[in-house]
Amino acid sequence: MSNLEKLNNIFCEVFSVEASSLGANFNNTSVEGWDSVHQLSLTSAVEDEFDIMLDAEDILEFNSYDNAKKILAKYDIEI
C-alpha cells in the first residue's frame, strides 16, 4: 500500500467518507463535523501509521487534506 493510500484510509476512517471526497476542498471549514476531537484522532492515526511524532505547530496546521500531504513531506514521507 502506498503512503497516499495509507493517508487516504486514515482520512476516510476518521471522517467516515469515501476516498473520492478527498481533495483540495477537504478542510476543517468545509467538512461538517471536523472539530478538535477529529483533528486529534487524525493526527494521532497519522503518527501511528507513519511512525513519526508531529510537533505542536504541525498538529495545528493539520487542518486540511492538502496540508496533511505537505506536512508529511516535511518528515520525509513521500506521498
Side-chain angles (χ1 to χ4, degrees):
M1 181 181 299
S2 74
N3 287 336
L4 180 59
E5 290 170 324
K6 290 177 185 178
L7 181 64
N8 288 350
N9 286 342
I10 292 168
F11 269 87
C12 290
E13 187 174 308
V14 169
F15 295 105
S16 301
V17 297
E18 297 294 321
S20 60
S21 301
L22 303 175
N25 294 324
F26 198 90
N27 59 57
N28 63 345
T29 58
S30 68
V31 175
E32 189 172 328
W34 187 320
D35 56 16
S36 59
V37 174
H38 281 95
Q39 188 154 335
L40 189 56
S41 296
L42 178 64
T43 55
S44 178
V46 165
E47 288 178 328
D48 290 345
E49 180 65 41
F50 295 103
D51 195 28
I52 58 174
M53 188 67 149
L54 298 169
D55 64 34
E57 182 180 319
D58 289 333
I59 291 171
L60 293 174
E61 295 286 321
F62 222 93
N63 55 11
S64 73
Y65 180 68
D66 282 350
N67 277 359
K69 293 189 286 186
K70 291 174 188 171
I71 290 167
L72 288 176
K74 286 175 46 178
Y75 292 85
D76 296 325
I77 297 169
E78 293 183 27
I79 299 292

In Å, rounded to the nearest 0.5 Å, how long is the span from [atom1] of [X] to [atom2] of [Y]?
{"X": "I71", "Y": "D58", "atom1": "CD1", "atom2": "CG", "answer": "5.0 Å"}
{"X": "K69", "Y": "L22", "atom1": "NZ", "atom2": "CG", "answer": "9.0 Å"}
{"X": "I52", "Y": "K74", "atom1": "CD1", "atom2": "NZ", "answer": "10.5 Å"}
{"X": "E13", "Y": "E49", "atom1": "CD", "atom2": "CD", "answer": "10.0 Å"}
{"X": "I79", "Y": "K6", "atom1": "CD1", "atom2": "NZ", "answer": "9.5 Å"}
{"X": "N63", "Y": "S36", "atom1": "CG", "atom2": "OG", "answer": "13.0 Å"}

State whether the side chain of [X] and the backbone N or O of [Y] hold a donor-acceptor pair below 3.5 Å, judged by distance alone.
{"X": "N28", "Y": "W34", "value": "no"}
{"X": "H38", "Y": "G33", "value": "yes"}
{"X": "S41", "Y": "V14", "value": "no"}
{"X": "Q39", "Y": "F62", "value": "yes"}

So if you build clusters from Ile, Leu, Val, Met, Phe, Trp, Tyr with side-chain heavy-atom gaps below 4.5 Å, do V17 and L40 land together?
-> no
Shared ILVMFWY cluster between L72 and L60, side chains joined below 4.5 angstrom?
-> no
Please say whether more than 12 non-hydrogen atoms of neighbouring residues, nucleotides or ligands are located less than 6.0 Å from CG in N67.
-> yes
Above 12 or not: heavy atoms from other molecules or residues under 6.0 Å from CG of D48?
-> yes
Please lay out, stage by stage, how T29 and N27 fare under the test side chain to side chain donor-acceptor pair (under 3.5 Å).
-> CA-CA 6 Å; T29 58; N27 59 57; 2.6 Å; yes
Report yes if the distance between the aromatic ring centroids of Y65 and F11 is under 6.0 Å, otherwise no.
-> yes
Side chain to side chain, D55 and Y75, heavy atoms closer than 4.5 Å = yes
Using the side-chain contact (heavy atoms from CB on, under 4.5 Å) rule, take T43 and V46 through it: C-alpha gap first, then chi angles, then the decisive distance, then the call.
-> CA-CA 5 Å; T43 55; V46 165; 5.5 Å; no
Of all heavy-atom pairs between A19 and C12, which one has the smallest distance, and what is that distance?
-> N-SG, 3.4 Å
